[in-house]
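Below: one structure, written as structure tokens.
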Amino acid sequence: MKLENSFILAPGIGEKTEQKLWKNNVTHWDKVSQANVIGSTRRETLEGFLKKARKNLQVGNSYFFGDKLPNKSLWRAYRNFEENACFFDIETTGLDKSRNKVTTIAFHRNGETRTLVRGQNLTRENIQREISNSSMLVTFNGKKFDQPFLEHSFDLNIDTPHLDLMYPCKRIGLSGGLKKIEKRIGIDRDLEDVDGREAVRLWKKYENKNDEDALDKLVEYNGYDARNLQELAEIVHQRLESRFYRPHIKR
DNA sequence: TTTATCCTAGTCGCGCGGTG
DNA sequence: CACCGCGCGACTAGGATAAA
């Protein structure tokens, strides 16, 4: 499903009203004019809003929808903005953003993975550019870890719509950490022996002993993390759709 | 095993739109 | 005009995660 199938982003429309619309075959913005399940006052308000929404969709303004959709439903914007969605993941020297440093960041967008490395190209400007070129950020637990860590470390203020897959995963019964979820739904991963802890060691090896192989391995691991997020997003979207949309529409 | 953070889900009360 | 259902903001409780 796409944004054009959603109505809860409009003021005065909640889940119940949206489901009523769907049930009556109003499954697209373009069908609102034929809607007879809501009164004319509501319909006119809705159509006025949809006019603005169409404009913002046309120019690809994801921020408009990020503001209107509750986080719980942000996944509905994924199909509309996946082209410039940025799947990203950071590696650090530890958990504490006030004590530890970012070592590498992998950005995966439009099928390409770009990695920033501390001491080479990991700069505020490069991060800023990656973020501002993105319609939407996609992470796992990034709302609590990756984004705040970046904001603190590089004095950034990130307001790009951010789809944190951890919460949708929980809704469809997937929890226990990213690696565990990947295994459960059959996402392959090389470098199975590497985890966050090992990532810290790899960085130390590189930094202290100039071990380029360690850095290569870290970058490769970081890239897998980012790319796997895209696979996960596909699966999560599919499952959310079949659970929270399809049951409400006529076939 | 901890820590801060942000989520979802649930409840409550107010106000409004729609209905008869 | 009286009632019901819904949206919605405010609030609370509880669950789950990051990397080491």
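Chain letters run A, B, ... following the sequence lines, proteins first and then strands; every chain starts at 1.
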query: Which letter, B, S or -, goes with each nucleotide of nucleotides 11-20 of chain B from 5' to 3', with contact meaning a protein heavy atom under 4.0 Å?
result: ------SS--

task: For the pair A:Tyr245 and A:Trp22, name the ring-plane relationship: parallel under 30°, tilted 30 to 60°, perpendicular over 60°.
output: perpendicular

Ring geometry between A:His162 and A:Phe88 (parallel below 30°, tilted from 30 to 60°, perpendicular above 60°): tilted

Dump every N/O contact between nucleotides 5-9 of chain B and the protein below 3.5 Å, one line per pair.
unit_1: B:dC7; atom_1: OP1; unit_2: A:Asn71; atom_2: ND2; d: 2.7
unit_1: B:dC7; atom_1: OP1; unit_2: A:Lys143; atom_2: NZ; d: 3.4
unit_1: B:dT8; atom_1: OP1; unit_2: A:Lys72; atom_2: N; d: 3.3
unit_1: B:dA9; atom_1: OP2; unit_2: A:Lys72; atom_2: NZ; d: 3.2

- request: Choose from C:dA18, C:dG7, C:dA16 the nucleotide whose nearest atom is closest to any side-chain atom of A:Ser175.
  value: C:dA16

Measure [atom1]/[X] against [atom2]/[N] and give the value in whole Å, please.
{"X": "A:Leu69", "N": "C:dC8", "atom1": "CG", "atom2": "P", "answer": "12 Å"}
{"X": "A:Ile90", "N": "C:dA18", "atom1": "CD1", "atom2": "C1'", "answer": "9 Å"}
{"X": "A:Asn141", "N": "B:dT3", "atom1": "CG", "atom2": "C1'", "answer": "12 Å"}
{"X": "A:Asp164", "N": "C:dA16", "atom1": "CG", "atom2": "C1'", "answer": "11 Å"}
{"X": "A:Arg99", "N": "B:dT3", "atom1": "CZ", "atom2": "C1'", "answer": "15 Å"}
{"X": "A:Asn100", "N": "B:dA4", "atom1": "CG", "atom2": "P", "answer": "15 Å"}
{"X": "A:Phe7", "N": "C:dG7", "atom1": "CZ", "atom2": "P", "answer": "14 Å"}
{"X": "A:Glu182", "N": "C:dA18", "atom1": "CD", "atom2": "P", "answer": "11 Å"}

query: Does any donor atom in the side chain of A:Asn222 or A:Thr104 lie under 3.5 Å from an acceptor atom in the other side chain?
result: yes

task: May I ask you to check whether A:Gln34 and A:Asn25 show a side-chain donor-acceptor distance below 3.5 Å?
output: no

5'-to-3' dot-bracket of DNA chain C (Watson-Crick, G-U; under 3.5 angstrom; crossing pairs as [ ]; | other strand): ||||||||||||||||||..

Would you tabulate the side-chain donor-acceptor contacts of residues 38-51 of chain A under 3.5 Å, counting partners in other chains and residues two or more places apart, or write 'none'?
unit_1: A:Arg42; atom_1: NH1; unit_2: A:Gly12; atom_2: O; d: 2.8
unit_1: A:Arg43; atom_1: NH1; unit_2: A:Ala35; atom_2: O; d: 2.8
unit_1: A:Thr45; atom_1: OG1; unit_2: A:Thr41; atom_2: O; d: 2.9

- request: Apply the test salt bridge (charged side-chain N to carboxylate O under 4.0 Å, His left out) to residues A:Glu198 and A:Lys217: give CA-CA distance (whole Å), side-chain angles for both, the deciding distance (0.1 Å), then the verdict.
  value: CA-CA 10 Å; A:Glu198 181 62 18; A:Lys217 198 170 178 183; 5.2 Å; no

message: Nearest heavy atom decides the nucleotide; on that basis, is A:Lys20 or A:Arg201 closer to the 5' end of DNA chain C?
response: A:Lys20

message: If you assign A:Asp225 and A:Glu18 each to the DNA chain C nucleotide with the nearest heavy atom, which residue ends up on the more 5' nucleotide?
response: A:Glu18

Taking only distance into account, with no hydrogens and no angle test, what donor-acceptor pairs under 3.5 Å do side-chain atoms of residues 153-160 of chain A form with protein atoms, sequence neighbours excluded?
unit_1: A:Ser153; atom_1: OG; unit_2: A:Phe149; atom_2: O; d: 2.8
unit_1: A:Thr160; atom_1: OG1; unit_2: A:Tyr63; atom_2: OH; d: 3.1

- prompt: Which part of the nucleic acid does A:Glu15 contact within heavy-atom distance under 4.0 Å: base, sugar-phosphate only, or nothing?
  reply: sugar-phosphate

- prompt: Across the strands shown, which category fits A:Phe149 at heavy-atom distances under 4.0 angstrom: base, sugar-phosphate, nothing?
  reply: nothing

task: Begin from the C-alpha positions of A:Arg109 and A:Glu82 and carry the test salt bridge (charged side-chain N to carboxylate O under 4.0 Å, His left out) through to its verdict.
output: CA-CA 9 Å; A:Arg109 182 177 53 234; A:Glu82 63 183 323; over 6 Å; no

- request: For A:Phe244, enumerate each residue passing the ring pair (Phe, Tyr, Trp, His ring centres under 6.0 Å) test, keeping only those at least two apart in sequence or located in another chain.
  value: none

I'd like to know if [X] pairs up with [Y] as an ion pair, taking the criterion as any Lys NZ or Arg NE/NH1/NH2 lying under 4.0 Å from an Asp or Glu carboxylate oxygen.
{"X": "A:Asp211", "Y": "A:Lys204", "result": "no"}
{"X": "A:Asp89", "Y": "A:Arg227", "result": "no"}
{"X": "A:Glu15", "Y": "A:Lys20", "result": "no"}

field: Under 4.0 angstrom between A:Thr17 side-chain N/O and C:dG7 OP1 or OP2
entry: yes

